Amino acid sequence: MIKLSFSTLMRIATLIAACVLVGCGGASSTVNPLTPTRIIAFGDSFSTVDTSGYATYSVNASETNATVASRIAAIYGFTLKYISSSSAVIASGTAYSYAAGTATSSNTATQISTYLTYNTPGSSDLFIITAGTQDIIAAAPTNNTTAIATAATALTAAIQTLTNAGAKYVMVMQPINVARTPPFLALNGVRPAGTYASYNSYAQALSYDSGTACQSFSCLLSTKLNSAYPATSSHQPILLVDLMSYFNLITGTTNTGSANTFGTYGVTNPDLVVCSTAVPSCTTSTLATTSTNQYTSTSWTYATSVFAYDYYTTPYVNQLMGSYIYNYNFYRAGWR
């Protein structure tokens, strides 16, 4: 008889829960693929753009597909821009973001509420929500599991208000592994120099569970959404995207306990920040001096690096994650 470890069983259970939410097995060959009428984004830095559509909590290279949300929008032929008036009615054929770089789950709930005050979701509108990372960053220094539970509950309730109002396509991206971000690492040469390195184990535990506790944001949000949206053979409006394993591979090095997997994804710099000034003021004119990475001695530039500054990712990694979501998660859900 094959024996499975408890951690393996937990991962299987999480996958089953995720499959309930996305209707695993669907594909565009068997369902009608989504053709968005409008695209609306909420949340944190992974969806934050300015009124021109440029990423602000990344390296601002005057690109209009440099966040996760704007990359997905670009695939559909939209340019995602910041909504300058909170009371605006979003027109058909446009894409707007309410996101703010340091937004928590509570802030994201407010963004959704603001949108619903002046707009009604259409049946073919695509909603992109990226939230939770900032909650983990704030909670990690004190291992505040209560704050994480409150955040997951608030985000779930906000998502429900969106679907109750008529939203049929809501993509929710789980947080990245915050323990892999420079401030929580104590690695030689990593800038900033491990500001929160002593809290690394807390950051990892609050990002994802490796045991039975289900105290991480990822586990709690998955459980709460699975309860709110039970299994059904009909269309499921929520697509919960967990990029934890994918992000761990993009940032994987011998220093993080794995092989140097980052090179497989075209990454030349998995852990050094590339901005010499803090976001949102980082541009291609304020980049740090380049060098070689400490693993393969490969020269790097910002264009193939992971981190812009602190917890914030580069356009390259945002584009990798956005493309992965569209090519893999949307396909599995039957949205394309």
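Given the structure is predicted, the values throughout are model-derived calculations rather than measurements.
Remark: of the listed residues Thr292, Thr268, Val267, Thr268 is the sole one forming a side chain to side chain contact (heavy atoms under 4.5 Å, CB included) with Thr298. Just one of Leu243, Val241, Ile250 meets the side chain to side chain contact (heavy atoms under 4.5 Å, CB included) condition when paired with Tyr324; it is Leu243.
Judged as a ring-ring contact (aromatic ring centres under 6.0 Å, His included), the pairs with a partner in residues 120-170 (not counting sequence neighbours) are, in order, Tyr115-Phe127, Tyr169-His235, Tyr169-Trp335.
Of all the heavy atoms in Val89 and Tyr118, the pair that sits closest is CG2-O, 3.6 Å. Nearest approach of Asp271 to Pro182, heavy atoms of both residues: O-CG, 3.6 Å. Closest non-hydrogen pair, Thr286 versus Ser281, comes out as OG1-O, 3.8 Å. Residue Ser216 comes nearest to Ile148 through the heavy atom pair C-CG2, 4.0 Å, listed as atom of the first residue, atom of the second, then distance. The minimum heavy-atom distance linking Met244 with Ser207 is given by the pair CE-O, 3.4 Å. Nearest heavy atom pair, residue Ser105 against residue Ala131, reads OG-CB, 4.3 Å.
Inter-residue side-chain proximity for Ile72 and Met171 is flagged as met; some heavy-atom pair is nearer than 4.5 Å. Side-chain contact between Phe262 and Thr296 is present, with heavy atoms from C-beta onward closer than 4.5 Å. The shortest distance between side-chain heavy atoms of Ile137 and Thr181 does not fall below 4.5 Å. In this structure, the side chains of Leu116 and Pro121 come closer than 4.5 Å at one or more pairs of heavy atoms. Between Val178 and Thr133 the shortest side-chain heavy-atom distance falls below 4.5 Å. Using a 4.5 Å cut-off on side-chain heavy atoms (C-beta onward), Asn60 and Pro280 make no contact. Using a 4.5 Å heavy-atom cutoff, the side chains of Ser70 and Glu63 are not in contact. For the pair Tyr316/Tyr302, no side-chain contact is recorded, criterion being any heavy-atom separation below 4.5 Å from C-beta on.
Residue Asn329 holds its CG atom at 9.0 Å from CG of Asp242, rounded to the nearest 0.5 Å. Between the OH atom in Tyr208 and the OG atom in Ser222 there is a gap of 16.0 Å [rounded to 0.5 Å]. Atom CG of Asp310 sits about 11.0 Å away from atom OH of Tyr57, to the nearest 0.5 Å. Going from atom CZ of Arg180 over to atom CG of Asn255 covers 10.5 Å, rounded to the nearest 0.5 Å. Interatomic distance, Phe217 CZ to Leu206 CG, rounded to the nearest 0.5 Å: 11.0 Å. Taking CG of Asn269 as the reference point, atom OG1 of Thr314 lies at 9.0 Å (rounded to 0.5 Å).
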Verdict with supporting geometry, Thr161 and Ile112, side-chain contact (heavy atoms from CB on, under 4.5 Å): CA-CA 8 Å; Thr161 64; Ile112 293 172; 3.9 Å; yes
Full working for side-chain contact (heavy atoms from CB on, under 4.5 Å) between Val317 and Tyr265: CA-CA 9 Å; Val317 167; Tyr265 302 89; over 6 Å; no
Pair Ser305-Val273, side-chain contact (heavy atoms from CB on, under 4.5 Å): steps then yes or no: CA-CA 8 Å; Ser305 296; Val273 301; over 6 Å; no
Residue pair Thr264, Leu249: steps toward the side-chain contact (heavy atoms from CB on, under 4.5 Å) verdict: CA-CA 9 Å; Thr264 304; Leu249 289 171; over 6 Å; no
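Under a 3.5 Å cut-off, the side chain of Thr114 and the backbone N or O of Thr110 do form a donor-acceptor pair. Formation of a donor-acceptor pair under 3.5 Å by the Gln204 side chain with backbone atoms of Ala179 is not found in this model. Between the Gln174 side chain and the Leu240 main chain, no donor and acceptor come within less than 3.5 Å of each other. In terms of modelled atom types and a separation under 3.5 Å, the side chain of Thr163 and the main chain of Gln160 share a donor-acceptor contact. Remark: side-chain polar atoms of Asn107 are paired, donor with acceptor, to backbone N or O of Thr104 under 3.5 angstrom. The backbone N or O of Ala109 sits nowhere less than 3.5 Å from a side-chain atom of Ser113 that would complete a donor-acceptor pair.
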Which atom pairs, donor and acceptor, lie under 3.5 Å between side-chain atoms of residues 33-55 and protein residues at least two apart or in another chain?
residue : atom : partner : partner atom : Å
Arg38   : NE   : Asp125  : OD1          : 3.2
Arg38   : NE   : Asp125  : OD2          : 3.1
Arg38   : NH1  : Ile90   : O            : 2.7
Arg38   : NH2  : Thr120  : O            : 3.0
Arg38   : NH2  : Asp125  : OD2          : 2.6
Asp44   : OD1  : Phe46   : N            : 3.3
Asp44   : OD1  : Thr130  : OG1          : 2.9
Ser47   : OG   : Thr130  : OG1          : 2.9
Thr48   : OG1  : Asp44   : O            : 2.7
Thr48   : OG1  : Gly101  : N            : 3.2
Asp50   : OD1  : Ser52   : N            : 2.9
Asp50   : OD1  : Gly53   : N            : 3.0
Asp50   : OD1  : Tyr54   : N            : 2.8

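Ring geometry, Tyr199 versus Tyr202: the interplanar angle falls under 30°, so the pair is classed parallel (tilted spans 30 to 60°).
For the pair Arg336 and Tyr326, the cation-pi test (distance below 6.0 Å, angle within 45°) is passed.
Tracing side-chain contacts under 4.5 Å through hydrophobic residues (I, L, V, M, F, W, Y), one never reaches Ile75 starting from Leu80; they form parts of separate clusters. Tyr82 and Val279 fall into different hydrophobic clusters, defined by Ile, Leu, Val, Met, Phe, Trp and Tyr side-chain heavy atoms under 4.5 Å apart, directly or through other members.
Counting non-hydrogen atoms of neighbouring residues, nucleotides and ligands closer than 6.0 angstrom, the NZ atom of Lys168 reaches no more than 12 such neighbours.
No side-chain donor-acceptor contact under 3.5 Å links Asn226 and Thr223. No side-chain donor from either of Thr67 and Asn318 sits under 3.5 Å from a side-chain acceptor of the other.
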